[in-house]
K.L.:
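The structure's right below; bear with me while I get my questions together.
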Amino acid sequence: MRRAARRCARTLSSRVKAMQVVSAKQALSGQVPVGTEVTVRGWIRTRRDSKAGLSFLAVSDGSCFDALQVVAPGELANYASEVLKLTSGASVECSGTLVQSQGKGQSVEVQAKSVVVHGLVDDPETYPIQPKQHSLEFLREVAHLRPRTNTFGAVTRVRHCMAMAIHRFFHERGFVWVNTPIITASDAEGAGQMFRVSTLDLANLPRTPEGKIDFAKDFFGKEAFLTVSGQLNVEAYCLALSKVYTFGPTFRAENSNTTRHLAEFWMIEPEIAFADLAADAQLAEDFLKYVFTAVLQERQDDLKFFVERQDKAAITRLEALVGSSFERLDYGEAVKILEKSGQKFEFLPRWGQDLQTEHERYLTEKHVGRPVVVMNYPKDIKAFYMRQNDDGKTVAAMDVLAPGIGEIIGGSQREERLPLLDQRLRELKLDPAHYGWYRDLRRYGSVPHAGFGLGFERLVVYVCGLANIRDAIPYPRVPGAAAF
RNA sequence: UCCCUGAUAGCUCAGCUGGUAGAGCGGGUGACUGUUAAUCACCAUGUCCGUGGUUCGAGUCCACGUCAGGGAGCCA
């Protein structure tokens, strides 16, 4: 019986060997020797019929930027009945020999012995994805089909490459990935408008004797929302595991209709213990360089396409950032530089005011010409948890500004001293009772710690040279639109 | 939420000072000795976003609405 099983396995493996399923990436990168019998599966990009009575099929499977060319000879039994009916978007499974290409555009191609058609395109005339340049606005309306385009295939692969690089960066440095909650009952995060989470019957709300909505009857026994940040939660894990980070979905119910905002986006928030603002800035610099280097190394094919179609500087911008050392600049100095710049700004720079995007871009693009970390902002424009500096006016906050975009990362050293944290809560009219567990972290073995946050999609936009954040996430959620 | 701009064929867009619509691509048919978003010929395409209004007549002018894009604010 064992022998029979072995024999069976051998036949199976030899059959698999005879018809090895390969990806376009494997075939085109030279991983598969010429002469190998292969099967490729994917979707037709274009069909070109030759004068010689054969057809060229560009078959894309998403494994790399390029499609694999399959040569379908006229002798195929289903040539007239099916192959000649293939249009953009049809799905096929082609088997044949991987051969050196006789044509010019590619090194290898598949000389097909069979072309199995899985699915034709129902109505080719109305199939939205045609082999031509579509506007990104139009493609947003067909978000379920846009991954079949060059642009969204490339964005999706680059996005994946970046996500993997981010996890690898932290993992290699001993960070622990902490999954902070998506549902939160704390209504005092203060980072923005929140989406309510409730199972109450909206048409028949339970009321308290005073006539207010009785959230005690709701699922969690109190009001609940979708998270706007995992930072406060991850600080608790930081003060036990020393180096931690979050990487997960985040929600903001703000009515923002811009190219930079999503209602649902992914955020990355590292947090390090026994660390000050300088260590935080260094981590941010290392982080960006690592992620950009990974994309430059792993996704040259997709980046080249962005250079062609989206942004000529897509590659040079990344290379410049990776090769530069980030300047450190005090907020006070930055304001002085702006005041003396002689530059005409829409908003005048003034100490005590937050830097406008035009100010940030002047600093990083014109004044320094490299990425800049601006540090120590006025405390009145920053959040309650940021650590107060000895001058009594500023907090240990930082923004990383990059050429071409402005702010890309925001972070701070956190206030680890309970009396000073409570003082800030009172100044900002926040109720310390709502921050019980957060205050505990300062009561039980508090240490200096710091962290930063960044929106993943904004980083994707920057890397790909995109103009609109809605193209950096598969299914964008924005005010008034949650289709698909 | 505020300001600006736009909506014409499956897609990208043209359509002047009002006279009931065109081009490229895509699709169909045919031709063509390996093509590269192939080429060539022929064919078909339309609630001109919706509702009112002005006018002899509205794709074009006006009002309202809907949707989209850009900018601002908020922010990641």
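Quick note on labels: first sequence line is chain A, next is B, and so on, each numbered from 1. Quantities reported herein were computed from a predicted structural model and do not represent experimental measurements.
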K.L.:
A:F384 and A:Y435: aromatic ring centres closer than 6.0 Å?
P.N.:
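When the ring centroids of A:F384 and A:Y435 are compared, they turn out to be within the sub-6.0 Å range.
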K.L.:
Compare every heavy atom of A:M398 with every heavy atom of A:F452, then report the nearest pair and how far apart it is.
P.N.:
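Residues A:F452 and A:M398, closest heavy atoms: CB-CE, 3.8 Å.
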K.L.:
Among B:C25, B:A37, B:G34, which nucleotide sits nearest the side chain of A:R48?
P.N.:
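Within the option list, the nearest is B:A37.
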K.L.:
Within the structure shown, what part of the strands sits under 4.0 Å from A:N468 by heavy-atom distance: base, sugar-phosphate, or nothing?
P.N.:
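If one applies the 4.0 Å heavy-atom cut-off, A:N468 turns out to touch the sugar-phosphate alone, with no base involved.
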K.L.:
Nearest nucleotide by nearest heavy atom, which residue falls closer to the 5' end of RNA chain B, A:Q111 or A:D354?
P.N.:
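Closest to the 5' end, via its nearest nucleotide, is A:Q111.
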K.L.:
Test for a donor-acceptor pair under 3.5 Å between the base of B:G69 and the side chain of A:E137, counting only N and O atoms.
P.N.:
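Per atom types, no contact qualifies.
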K.L.:
Taking only the C1' atom of each, what is the distance from B:C62 to B:U54 in whole angstrom?
P.N.:
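About 7 Å, rounded to a whole number of Å.
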K.L.:
For A:H167 and A:M164, indicate whether the former's side chain and the latter's backbone hold a donor-acceptor pair under 3.5 Å.
P.N.:
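Not at all, since once roles are kept as given, no pair shorter than 3.5 Å links the two residues.
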K.L.:
Would you mind classifying the nucleic acid contact of A:R260 as base, sugar-phosphate or nothing, using non-hydrogen atoms under 4.0 angstrom?
P.N.:
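The residue A:R260 makes base contact.
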K.L.:
For the pair A:R45 and A:Q69, evaluate side-chain hydrogen bond (donor to acceptor under 3.5 Å, both in side chains) and give the outcome as yes or no after the intermediate values.
P.N.:
CA-CA 10 Å; A:R45 279 293 171 77; A:Q69 174 157 286; over 6 Å; no
K.L.:
Between B:G34, B:G69, B:C74, which nucleotide has the shortest distance from any of its atoms to the side chain of A:R470?
P.N.:
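My answer, after comparing the listed nucleotides, is B:G69.
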K.L.:
I want to verify a distance call: between B:U36, B:U33, B:G70, whose nearest atom is closest to the A:T259 side chain?
P.N.:
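Shortest atom-to-atom distance from the side chain points to B:G70.
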K.L.:
Does A:L277 offer a backbone N or O that forms a donor-acceptor pair with the side chain of A:R387 under 3.5 Å?
P.N.:
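Side chain of A:R387 to backbone of A:L277: no pair is present.
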K.L.:
If you go through the side-chain atoms of A:E125, does one of them form a donor-acceptor pair with the base of B:G27 closer than 3.5 Å?
P.N.:
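For A:E125, whose side chain was compared with the base of B:G27, there is no donor-acceptor pair (under 3.5 Å).
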K.L.:
Looking across every strand, which nucleic acid part, if any, lies under 4.0 Å from A:I129 by heavy atom: base, sugar-phosphate, or nothing?
P.N.:
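Answer is nothing: A:I129 stays at 4.0 Å or more from every strand.
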K.L.:
Once Watson-Crick and G-U wobble pairs under 3.5 Å are found, how is RNA chain B written in dot-bracket notation, 5' to 3', with | for any base paired to another strand?
P.N.:
(((((((..((((.....[..)))).(((((.......))))).....(((((..]....))))))))))))....
K.L.:
For A:K25, is there any backbone N or O sitting under 3.5 Å from a side-chain donor or acceptor partner on A:S29?
P.N.:
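Yes, because the side chain of A:S29 sits within donor-acceptor range (under 3.5 Å) of the backbone of A:K25.
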K.L.:
Using the C1' atom as the reference point in each nucleotide, state the distance between B:G6 and B:G15 in Å, no decimals.
P.N.:
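That atom pair is separated by 16 Å.
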K.L.:
Is the distance between the ring centroids of A:F456 and A:F247 less than 6.0 Å?
P.N.:
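A:F456 vs A:F247: aromatic centres under 6.0 Å.
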K.L.:
With rounding to the closest Å, how many angstrom separate the C1' atoms on B:G19 and B:U36?
P.N.:
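Comparing C1' positions in B:G19 and B:U36 gives a spacing of 47 Å.
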K.L.:
When all nucleic acid strands are considered with a 4.0 Å heavy-atom cut-off, which category describes A:F138: base, sugar-phosphate, or nothing?
P.N.:
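Since only primed, P, OP1 and OP2 atoms lie under 4.0 Å of A:F138, the category is sugar-phosphate.
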K.L.:
Can you tell me whether the side chain of A:Q69 and the base of B:U35 have a donor-acceptor pair closer than 3.5 Å?
P.N.:
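Flag set: donor-acceptor pair detected.
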K.L.:
When all nucleic acid strands are considered with a 4.0 Å heavy-atom cut-off, which category describes A:E269: base, sugar-phosphate, or nothing?
P.N.:
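Since no nucleic acid heavy atom lies under 4.0 Å of A:E269, the category is nothing.
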K.L.:
May I ask you to say what A:Q133 touches in the nucleic acid, namely base, sugar-phosphate or nothing, with a heavy-atom cut-off under 4.0 Å?
P.N.:
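Base: the residue A:Q133, judged by heavy atoms under 4.0 Å, touches a nucleobase.
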K.L.:
With RNA chain B as reference, determine whether A:H134 or A:G105 sits nearer its 5' end, using the nearest nucleotide of each.
P.N.:
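Looking at RNA chain B, the more 5' nearest nucleotide goes with A:H134.
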K.L.:
By nearest atom, which of the nucleotides B:G27, B:C75, B:U12 is closest to the A:S135 side chain?
P.N.:
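Given the options B:G27, B:C75, B:U12, the side chain of A:S135 is closest to B:U12.
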K.L.:
What's the closest nucleotide to the side chain of A:Q356 if the choices are B:G24, B:G73, B:U1?
P.N.:
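For the A:Q356 side chain, the nearest candidate turns out to be B:G73.
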K.L.:
Determine whether any donor atom in the side chain of A:S256 lies under 3.5 Å from an acceptor atom in the base of B:C74, or the reverse, and answer yes or no.
P.N.:
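Per atom types, the contact qualifies.
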K.L.:
From B:C25, B:G26, B:U33, pick the nucleotide closest to the side chain of A:P131?
P.N.:
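For the A:P131 side chain, the nearest candidate turns out to be B:G26.
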